[in-house]
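Every chain is numbered from 1 and lettered A, B, ... according to where its sequence line falls, protein lines coming before strand lines.
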2 protein chains.
Amino acid sequence: MNEALSALGALAQETRLEAFRTLIRAGQSGLPAGDIAQRLGVGPTVMSFHLTELSRAGLIGSRREGRSIIYTASFARIGALLDYLIEDCCLGACGTRATNPKESCCEADAR
Amino acid sequence: MNEALSALGALAQETRLEAFRTLIRAGQSGLPAGDIAQRLGVGPTVMSFHLTELSRAGLIGSRREGRSIIYTASFARIGALLDYLIEDCCLGACGTRATNPKESCCEADAR
DNA sequence: TTCATATTTCTATATTTATAGATATATAGG
DNA sequence: CCTATATATCTATAAATATAGAAATATGAA
């Protein structure tokens with residue numbers, strides 16, 4: 001139901017978070033499943049499982065190229081998650097944080 | 001180890017995400033555990049479990065006030081998560097999205 | 001067609017996480 | 001001190017998620 005929830009769930013796992021970061025850095029050309037698996041040091045079965053999870057959340061896409069399946073990060077999807085978090089979970093008050101940290105509401109905390 | 005990972009895990013659950021959003025909207029004054037439970041329609045045991053999870057991730061804090069325990073959202077912590085996602089998971093390209101969506105990289109996928 | 005490669009799917013198992021009742025702790029008021 | 005309220009902790013169980021080997025599928029090359 002909630003798309004942000006499934007995106008959060010997909011990223012809330014070490015191997016998947018690393019895989020996603022790797023794909024973001026790889027850009028639009030993406031990377032074959034085997035390459036990602038090798039970089040992260042996991043077996044093909046486990047890699048496939050986690051890539052499927054990320055796909056189900058819409059955070060990555062894939063295309064076949066020869067024998068390989070190339071995965072690519074969805075910048076739109078992570079952008080939408082950021083929008084949600086900024087607007088619904090920080091009331092917009094943290095929206096400028098990355099570009100202008102000094103003026104952020106987030107320096108002072110309520111604890 | 002990774003603080004972002006535990007924050008993501010804490011938010012990746014419906015009851016907890018709703019509880020956190022409720023606390024963000026409540027602001028600095030916060031809300032008693034029972035109030036949050038009533039709003040979300042969950043029992044006290046389950047509420048306590050999820051509030052403990054959010055606390056462990058540093059996303060909320062608490063103080064006792066009479067018989068109640070008042071929980072408050074940590075704007076600093078959600079801000080730090082946003083920073084991480086923007087910088088490490090979107091390469092900064094989605095950082096201005098909330099304030100200036102038109103110029104975002106995220107409109108077209110795969111920047 | 002046969003073989004090797006890349007990846008997924010199937011299956012079983014282990015681990016983690018969530019739910020909920022009973023009980024315990026802390027506080028406030030009579 | 002006794003009682004009610006607010007919440008947490010303990011315990012058991014259920015449900016979801018992760019790991020990993022074996023087998024299946026798809027492709028490309030000899």
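Note: B/Y84 OH to B/C90 SG = 12.5 Å, rounded to the nearest 0.5 Å. In this structure, CG on A/L17 lies 5.0 Å from SG on B/C89, to the nearest 0.5 angstrom.
With contacts defined as side-chain heavy-atom distances shorter than 4.5 Å, the pair B/L54/B/L11 qualifies. With a 4.5 Å cut-off on side-chain heavy atoms, B/R16 and B/F49 count as touching. Under the 4.5 Å side-chain criterion, counting only non-hydrogen atoms from C-beta, A/Q28 is not in contact with A/T72.
For the helix from C/dT1-D/dA30 to C/dG30-D/dC1, the angle separating the two terminal helix axes comes to 20°, with each axis derived from five pairs and the value rounded to 10°.
The side-chain contact (heavy atoms from CB on, under 4.5 Å) check on B/A26 picks up B/L31, with sequence neighbours excluded. With sequence neighbours excluded, the residues satisfying side-chain contact (heavy atoms from CB on, under 4.5 Å) with B/S48 are B/T52. Every residue meeting the side-chain contact (heavy atoms from CB on, under 4.5 Å) condition with B/S68, not counting sequence neighbours, appears here in chain and number order: B/P32, B/I70.
Taking all atoms of both residues into account, the shortest heavy-atom contact from A/Q13 to B/L5 is N-CD1, 3.5 Å. The two residues A/I36 and A/A19 come nearest to each other via the heavy atoms CG2-CB, 4.0 Å.
With a cutoff of under 4.0 Å to any heavy atom of chain A, the contacted region of DNA chain D is bounded 5' to 3' by D/dA18 to D/dG28.
The CD atom of B/E65 sits 14 Å away from the C1' atom of C/dA28 (whole-angstrom rounding). Remark: C1' of C/dT16 and CG of B/L8 are 17 Å apart, rounded to the nearest angstrom. A/E14 places its CD atom 15 Å from the C1' atom of C/dT15, with the value rounded to the nearest Å. As a whole-Å value, the separation of A/M47 CE from C/dT5 C1' is 18 Å.
At the phosphate of C/dT8, OP1 or OP2 sits under 4.0 Å from a side-chain N or O atom of A/Y71.
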Please tabulate, for side-chain N and O atoms in residues 59-66 of chain A, each donor-acceptor pair with protein atoms closer than 3.5 Å (sequence neighbours left out).
| residue | atom | partner | partner atom | Å |
| --- | --- | --- | --- | --- |
| A/R63 | NE | A/E65 | OE2 | 2.9 |
| A/R63 | NH2 | A/S29 | O | 3.1 |
| A/R63 | NH2 | A/E65 | OE2 | 3.2 |
| A/R64 | NH1 | A/G66 | O | 3.2 |

Polar atoms only, N or O, under 3.5 Å: list the protein pairs with nucleotides 17-24 of chain C and their distances.
| residue | atom | partner | partner atom | Å |
| --- | --- | --- | --- | --- |
| C/dA18 | OP1 | B/R16 | NH1 | 3.4 |
| C/dA18 | OP1 | B/R16 | NH2 | 3.0 |
| C/dA18 | OP2 | B/R16 | NH1 | 3.0 |
| C/dT19 | OP2 | B/H50 | NE2 | 2.5 |
| C/dA22 | N6 | B/T45 | OG1 | 3.3 |

Enumerate the protein-to-nucleotides 2-4 of chain C contacts in which both atoms are nitrogen or oxygen and the separation is below 3.5 Å.
none

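Within the structure, every pair that satisfies the salt bridge (Lys or Arg N to Asp or Glu O under 4.0 Å) test and touches residues 17-44 of chain B, not counting sequence neighbours, is listed here: A/D88-B/R21, B/E18-B/R21. Residue pairs meeting the salt bridge (Lys or Arg N to Asp or Glu O under 4.0 Å) criterion with at least one member in residues 45-62 of chain A, sequence neighbours excluded: A/E53-A/R56.
B/S48 comes within contact range of at least one nucleobase, with a heavy-atom separation under 4.0 Å.
Of the two residues near DNA chain D, A/G66 and B/G34, the one whose nearest nucleotide lies more 5' is B/G34.
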